[in-house]
Amino acid sequence: MLCGQAYDAHSLAAAAAMLATRFEWRSGLRAAGRWSGAKPPRRHWSTSSSTTTGPGGADAVPVSSAGSWEQEAEPKQFKYPGAQGSKFSAKFNVVQAKFRTPASTFRVLSEAGDLVGSAAAPASPEHAPSRHIALAGRETVSQMYKHMVQLRVMDEYLYSAQRQGRISFYMTSAGEEAAVIGTAAALKDTDPVFAQYREQGVLLWRGFTFQEFCMQCFGKGADKGRQMPVHYGSPELAFHTVSSPLATQLPQASGAAYALRLARKGSIKLPASTSGSNGSKKGRSAHSTAGPEDMIVTCFFGDGAASEGDFHAGLNFSATLGCPVLFVCRNNGFAISTPTKEQYRGDGVVMRGLGYGMDAVRVDGNDALAVEYTVREARKHIVEHQVPVLVELMTYRVGHHSTSDDSSQYREANEMQFYNERADPLRRLRAYMQRSGWWDDEQDTQYMQDQKRELLTAIKAAEKEPDTHPMTLFDDVYHELPPSLVEQRKELYNHLRSYPHVYKAAVHDMHV
Amino acid sequence: MTPDAMQALGVRRLCKLAAQLQTPRARQARDWSRGCATGLQQPPLLAVEPGEQGTKSMNLFQAINDALRLSLETDPSAIIFGEDVAFGGVFRCTTGLREKFGADRVFNTPLSEQGICGMAVGYASSGCTAIAEIQFADYIYPAFDQLTNEAAKFRYRSGGQYDCGGLVVRAPCGAVGHGGHYHSQSPEAYFTHTPGLKVVMVRDPISAKGLLRSAVRCKDPVVFFEPKALYRTSIADVPVRDYEIPLGVGQIVRSGDDLTLVAWGNQVNVCLAVAEMAEQELQASCEVIDLMSLLPWDRDLVMNSVRKTGRAIVSHEAPRTSGFGAEIVASIQEHCFYSLEAPVARVTGWDTPFPLVHEAYYLPNKYRMFDSIKQVLGVHDDARKFVKSVLRDHVVAQL
């Protein structure tokens, strides 16, 4: 889809298509390394050239400080404050959704793992480097693949641990590994992340250990057993603690990003704890230092969460306040059992960016290379322009919503099978690596076995750890324990002493 | 007058008291039964010293503005935002702040309460200070999830790894004379049911400035209610200096012996008015307590007072059922049961939405409170006056 071609006299298709167009511009036609050297298309949504001052336009009395009417060359020009760029038209112009062409989905790898499009074409001298998409190199790709394998292994084993009754709950990332790991790989490890709940891949990428994951799932983690499994958090890795309510993280991400914006401008000074103190525990040196001038906030959510009011608030706030935040939608086709066709009528989530005046890109979320590239470019754009960007990662949730869900109740087994076979992100990236001569079957088997062994060790170790002490249940409600909680704590203590046989924990080591 | 005759007048308590007053032993027994040692020291009235800089006459919105200015001055990470705050706010609380501190730190947001509070949580979670304004407490409900599920649990759910302690949400609340049900509500009870939040409601400019400074510095998220009726009508000589009134601490704003009145916000002013009325017309001495902080609240202050007086009325503008008064009354019966001389009463708004043209019939005004005082004291006006004068004579005779 090229510019102009999509602009259709009828509808908003032109503007809607702008998103996809603009992205292809920048990657294909203009500018290597820049999001958009391109000016926005001159054409307006209506192609009618006739303008009028509208009913009563010339004689209209301007109201308050409503608009820039005074600055017009012809001061009588009338404009409504809510749409200063709009021209009056005698043509009845219905904003029709149904004629709009859906935004394209950017990918560089085919399902078989071959490079496609301009990514496949060798850089030619006359177009170089603009025709060529600078994909991640061997080291990054290998790291991405390894972490995707780790993620799948971890999911498999912790899922089984739940089935065996060893942990209470679990949620897998099956089918969405590339979406999450690809994003994490393109971010700086110090970029604050507000996750939804299926983004354990980011933590994995940043160096959260199997042991730490297992400890949280067994109720013995840093959250002191307060949250259900998979509700991870790590200030050290700039990963805000997951909360179950959906989409609440979006306006919060805007707030955290606004803090970065002000710090970059020098209006405020951020405390050191805002970003991960060390970035990655793995000490990837390129990512280890970052100040607010070079940081963005990343916020994950799903196609279901995008229906929440907080989605709207988060995007609108970040757009109007110029927050350097990357909104990443994992559109995996389901909100528990509700399919996307019952979730929205429009063209997915990507188009909504337009409504907020925000650039947006739709990407094949199972193509790790495309995801990494898109997020890397988006990140650059956000840092440079201090604006939000929306990325929609198209993917498919292969697993159940959670261990409390049985997706066979609402989808055909063969549908799942189809996506598993056709779109598996691991197989795709592995094929690409093997074709590039970076990886082979033997390595693959060996790596997977190593990971499984490590994970089993971590599970066993976590199981052996002592339970979190029940008296800690009063901690962290407030910065300091108020008198009412001191009293209630004592009440529990006395009760435990009277009924020791009822409870698991021993009271002898409790201090009140 | 014989005791029988006094009883016939419905003044059983005074009879009992008169009987007890006759011997020192009886007096001691009475003190003991009220759970406080003889000679218990009364908590001093909380007075704010003006200091060298002296005081300045301010109304409530000016005092709030002063506290906000000090917050921006002393905390370089502090920002103020909400609907229409840039031009000074619809109640003028942010007047002049944008000019002084710049558009980055004092700014309008799009019209979305959940967005305002969500953004505030995220900003505060970065270690910074977010002072958010909800234009009317009636419109805080879209932000309920952000406040009760997010802000309140931010520290707890992370095991203390993250917090949003630098968060204050200010909201004008309460009756204003013409607000109807969407510009008059007092939603404090919804928030007092949420561990992790602190909840404050102010009664006058002096307490407001000190409490807001504490709320801004507090390391927990605070929901801060300002009775809008007081913005212009409540005027006081407010100390110019930066001072704090601690959260979680109540204040005895009028000392008394016969009855304890507990309230917060503008209802404290109603209590002060009725206490005066009771003094004049019933010779009853009411102790008035302003809780100021509702979560956590100063239980000891209230209990000590009720042990002393043996009677209590709790009053709030919000509806009665599940109002915060219920919590206080329950605590009083739990901790002061053996000191009570009468059932603890509640004088509150009715269990209806806040009305418009019938506001006067809804509000727990001083006449409804006065009526309640008479019931709690168990005395008819004239009988009360009479018995009290008899008693006074009697005590004087004993001495």
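Within every chain, numbering begins at 1; the chains are lettered A, B, ... in the order of the sequence lines, protein sequences first and strands thereafter. What you see is a predicted model; the values in this text were computed from it and never measured.
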Under a 3.5 Å distance rule, please check whether B:D220 uses its side chain to pair with a backbone N or O of A:H479 as donor and acceptor. yes
In terms of heavy-atom pairs under 4.5 Å with chain B, which of A:A222, A:P482, A:A313 leads? A:A222
Hey, mind stepping through B:M119 and A:L321 against side-chain contact (heavy atoms from CB on, under 4.5 Å) and telling me if it holds? CA-CA 11 Å; B:M119 170 158 175; A:L321 296 168; 3.5 Å; yes
OH on B:Y156 to NZ on A:K224, rounded to 0.5 Å: 9.5 Å
So, A:Y258 versus B:F107, ring centres under 6.0 angstrom or not? yes
Has A:Y478 got a side-chain atom pairing as donor or acceptor with B:L197's backbone, closer than 3.5 angstrom? yes
Taking side chain as everything from C-beta outward and backbone as N, CA, C, O, which of these in A:F239 sits under 4.5 Å from a heavy atom of chain B? Side chain, backbone, both or neither. backbone
Of the backbone (N, CA, C, O) and the side chain (C-beta and beyond), which part of B:F154 lies under 4.5 Å from a heavy atom of chain A, both, or neither? side chain
Contact class of B:T194 relative to chain A, heavy atoms under 4.5 angstrom: backbone
Under 4.5 Å heavy-atom distance to chain B, tell me which part of A:F194 shows up: side chain, backbone, both or neither. side chain
List the atom of B:S126, the atom of A:L270, and the distance in Å for their closest heavy-atom pair. O-CD2, 4.3 Å
Per-residue contact mode, A:T248 against chain B (heavy atom under 4.5 angstrom): both
Kindly write out the residues that satisfy salt bridge (Lys or Arg N to Asp or Glu O under 4.0 Å) with B:R217, not counting sequence neighbours, or none if the list is empty. B:D242, B:E244
Whatever's closer than 4.5 Å to a heavy atom in chain A on B:N108 counts as backbone
Relative to chain A, which segment of B:P195 carries a heavy atom at a distance below 4.5 Å: side chain, backbone, both, or neither? both
Which distance, rounded to the nearest 0.5 Å, do you find between the CZ of B:R157 and the CD of A:Q227? 6.5 Å
B:R299 versus A:S484: any side-chain heavy-atom pair under 4.5 Å? no
Please classify the contact between A:Q216 and chain B as side chain, backbone, both or neither, with a heavy-atom cut-off of under 4.5 Å. neither
Does the side-chain contact (heavy atoms from CB on, under 4.5 Å) test come out yes or no for B:S125 and A:H240, once each step is laid out? CA-CA 9 Å; B:S125 77; A:H240 276 258; 3.1 Å; yes
Under 4.5 Å to a heavy atom of chain B? For A:L473 that would be both
Proximity breakdown for B:R155 and chain A, heavy-atom pairs closer than 4.5 Å: both
Which residues in residues 142-151 of chain B have a heavy atom less than 4.5 Å from any heavy atom of chain A? B:D145, B:Q146, B:N149, B:E150
